[in-house]
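Just so it is clear, the structure is predicted and the values come from calculations on it, not from any experiment. Just so you know, these numbers use all the heavy atoms, side chains as well, and skip hydrogens, waters and symmetry mates.
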Amino acid sequence: MSINCAAVDRLIDSMSFTQKVGQLNQRLLGWKSVERNAAGRLVASDELKQEIDRWGGLGTLYGLLRADPWSGQHWGNGIRPEERTEAIAVVQQTVLERGAHGIGALLSEEAPHGHQALGGTVLPTNLGLGATFDPQGVQEAEAAVAAELAASGIHIALVSGLDIARDPRWGRCEECFGEDPLMAARMCEAIVTGMQGEHRSKVGHGGVAVVLKHLAAQGEAVGGRNGQSAVLGPHDLHEIHLPPVAAGVRAGALGFMAAYNDIDSVPCCANPWLLKDYLRDQLGFDGIVMADGLAVDRLEDMAGSIPAAGRAALLAGVDVSLWDEGFTRLEEYADDEQVVAAVDTALRRVLELKAMFGLLPEDGADTAAIAMPSADAVAQATADGREQAKRMAREAITLINDGQSAATLDDIRSVIADAQAGPVIVAGPFADDFGCFLGDYTAPLPADEQSSVYRQLVARLGEDRVLLAAKPSDAPADQWARASTVVFVCGSTSERSYDSEFDDNGAAKAVTEYGATCGEGVDLSDIRLPWRQDDMLGEVAALTTAPIVSVAVCGRAHVLTDVLERSAVTIWAGYAGQYGPQAVSDVLVDGADMSGRLPVTLPAYPAAIPVRYNDRQSAAHVYKDAAEPILRGFGYGAGSLAAVTFSEMHADTQSHPGEVLVQVTAHADDHGAAGAVNLFAHVSGGRRIPRLAMLVDSVYMDLNAGERRDIAFHVPCDRLRDVGDGQVQVTCTLDGDSTHTVTATLPGEY
């Protein structure tokens, strides 16, 4: 929908200062805006009415459909998929009836890996999606999620994507696409294009506005401590943490969320350089900036008071608050010319976004004519989202170890397929667990949609063939002796229970002995597998001579050294979403290919961290007690592309000005292959200590059996050198394989 600027101007002129401030607030928790009457019908709550009356309208409503332990909403009391239309209608009609200017409310929802609502699609978390190295696949999956949100009457999707996994101690690593800025940038572009359409074409027409989070450098926080200081210089800020931001702006993102952390002592939500000079002036961003939950109020110590905190965030460039008190106190600055001007600027951005969704009254109308959602459209979009979730779960599965003992994955598959072989024992703490695959920010799924690796194998092989042993003592010694295969499901979990404790912003407050070991609020000082799982695997290995397949379900780069040593085969599954158990069983029983690649570096020791592939100095042979601190490198994947051979690799610096063109020929074996082919570069001759490697391009390909195909990598020169560098030498390597390397020389530029 086109924006009538004159109509926006008239609205702004007609509003009181209080009404203007109200449009910038997102204070009310959406699930508290409706309640059920005696007949069980949804009606507007007194809290919603009071909020509208206070401000003469409602700016943005957060989480109307959200369901999880923090909100307390579940299948017994929350808004079911078939009730979304009713809930949206109740809220919007109440806003229009009680508001002063006939303006509808923007509705925002959490969608970091699918819609966090009852019945919502659950994609793999970003770390799992990052393992696909497939931006086009992510774009299609996010388009399906956006269709579900739009069909439900939602306007804004709050989507993680900007964070870079720089320290595995950080509990929110699962929300990152990995440790590489280029892949994160491409995935952010995929999110925005999928959800908003090319050039924002779907906004208000089957798509939603994306608010990318978190801006910026949250993954750099000291010691992996959530929301704390990021200590880094401007070069690394621009090279590591800001490429996804720039990609989001190029793709047309309509929003960014300012992070909790500070950068060199300046809080992100009170950083005018970040939110104005860089984001708006340098990149040309024209949407809204939203603060993270209660982040504005956390400025109180810096600003001196809650009202001053609101003023500091507003003047730094925050347009919309989230749950905080600071923005509600902007009324106290009605005589402050800076605040008055900043409120009008932010208000214009909010109203322009509302206009895109038809939330403003048309000329001559008293109220907006808001289109209500369709239950049939919700059902269809959700079904499409389920198919995308299945596909992305399969792509996320990554083979990181094969044939450690005499048995290979193919050998194990043959044994599993042999109905006369001994039992298959599914062991480990997550053998019969579903929640471990889901990650944080996930609504509860109905019981009939829940599964586990154990239940999937039973469904395919039969109850008589598959035994469950969450603990070694759960199966008798004779069964261990007879076992043909052991599937050990290990890792971590972000699952919250409805009796968990939370901080005021929804982060996990306390972790019980067998509670969440990952996710927001769950930063760890020890990144070995929790609950002594290494010891448990050792006990299993002592009980049986059967080959062990370990399935590592992880939301961070846990130490898997013992797992690899004791397992014939190790599969890394990230948090693969609601179809993760099915995808694992597809691999083991159906022989499905694994195209995934590690999106993070796996450390070999718990204290030899952080290690990243793009560090400037190698950690090898530095620690006298841990000579080789890296267990598996970024981009490692021994799956479906392992049988692809490459030849005729060469570099061209002349044909395409401003870039290096690297070409190579791929040859598929008799089975074909799918997955990402990555090109890394090392640069020497510049003015800085070079990174050990940089991912400079990645091409996702799908080869038919026996197919031969030429692949072209396009590497911009400005990714390889700084202005002012002299002549630099670039060594390009295909997926870290020293047998496929070319060197090119770039002339200096001053």
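- Here the side chain of Glu174 pairs a donor or acceptor atom with the backbone of Gly519 at under 3.5 angstrom.
- For the residue pair Leu330 and Arg311, the shortest heavy atom distance occurs at CD2-N, 3.8 Å.
- Looking at heavy atoms from C-beta onward, Ile263 lies out of side-chain contact with Glu220 at the 4.5 angstrom threshold.
- Applying the ring-ring contact (aromatic ring centres under 6.0 Å, His included) test to every pair with at least one member in residues 300-321, sequence neighbours left out, gives no pairs at all.
- A salt bridge is defined here as a Lys NZ or Arg NE, NH1 or NH2 lying under 4.0 Å from an Asp or Glu carboxylate O, and Lys213 with Glu110 meets this definition.
- By the side chain to side chain donor-acceptor pair (under 3.5 Å) test, Asp277 is found to be paired with no residue, residues two or more places apart in sequence or in another chain being considered.
- Ion pair Asp281/Lys276 not flagged as a salt bridge, since none of the NZ, NE, NH1 or NH2 atoms sits closer than 4.0 Å to an Asp/Glu carboxylate oxygen.
- A salt bridge between Asp53 and Arg98 is present, with a side-chain N of the basic residue lying under 4.0 Å from a carboxylate O of the acidic one.
- Considering every non-hydrogen atom in both Val138 and Ala190, the closest pair reads CG1-CB, 4.2 Å.
- Contact of the Trp170 side chain with the Gln218 side chain is registered, since non-hydrogen atoms from C-beta on lie closer than 4.5 Å.
- Under a cut-off of 6.0 angstrom, the local environment of CG in Asp335 is sparse, with at most 12 non-hydrogen atoms contributed by other residues, nucleotides or ligands.
- Nearest approach of Val90 to Val43, heavy atoms of both residues: CG1-C, 3.6 Å.
- Note on ring orientation: taking the six-membered ring where Trp is involved, the planes of Tyr278 and Trp273 are parallel (angle under 30°, cut-offs 30° and 60°).
- The pair Arg225-Asp523 fails the salt-bridge criterion, with no side-chain N (NZ, NE, NH1 or NH2) lying under 4.0 Å from an Asp/Glu carboxylate O.
- Salt bridge annotation for Asp319-Lys20: absent, with no cationic side-chain nitrogen under 4.0 angstrom from a carboxylate oxygen.
- A cation-pi arrangement is absent between Lys202 and Phe357, since the terminal nitrogen or guanidinium carbon is not both under 6.0 Å from the aromatic centre and inside a 45° cone about the axis.
- Put simply, the side chain of Arg66 does not reach to within 4.5 Å of the side chain of Gln73, judged on heavy atoms.
- The number of heavy atoms from other shown groups lying within 6.0 Å of CZ (Arg36) is above 12.
- Shown here is Asp366, whose CG atom has no more than 12 heavy atoms of other residues, nucleotides or ligands within 6.0 Å.
- For the pair Leu347 and Ile12, the tightest heavy-atom approach, listed with the atom from each and the gap, is CD2-CG1, 3.8 Å.
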Apply ring-ring contact (aromatic ring centres under 6.0 Å, His included) to Tyr260 and His214, showing your working.
CA-CA 8 Å; Tyr260 288 121; His214 306 85; 7.3 Å; no

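- The shortest side-chain heavy-atom distance between Leu61 and Leu106 does not fall under the 4.5 Å cut-off.
- The nearest pair of heavy atoms linking Leu129 to Glu142 is CD1-OE2, 4.3 Å.
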Could you check His155 against Met356 for side-chain contact (heavy atoms from CB on, under 4.5 Å), going step by step and ending with a plain yes or no?
CA-CA 9 Å; His155 311 111; Met356 293 182 183; over 6 Å; no

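- Here the rule is side-chain hydrogen bond (donor to acceptor under 3.5 Å, both in side chains) with Asp440, and of Gln116, Arg496, His113 only Arg496 fits it.
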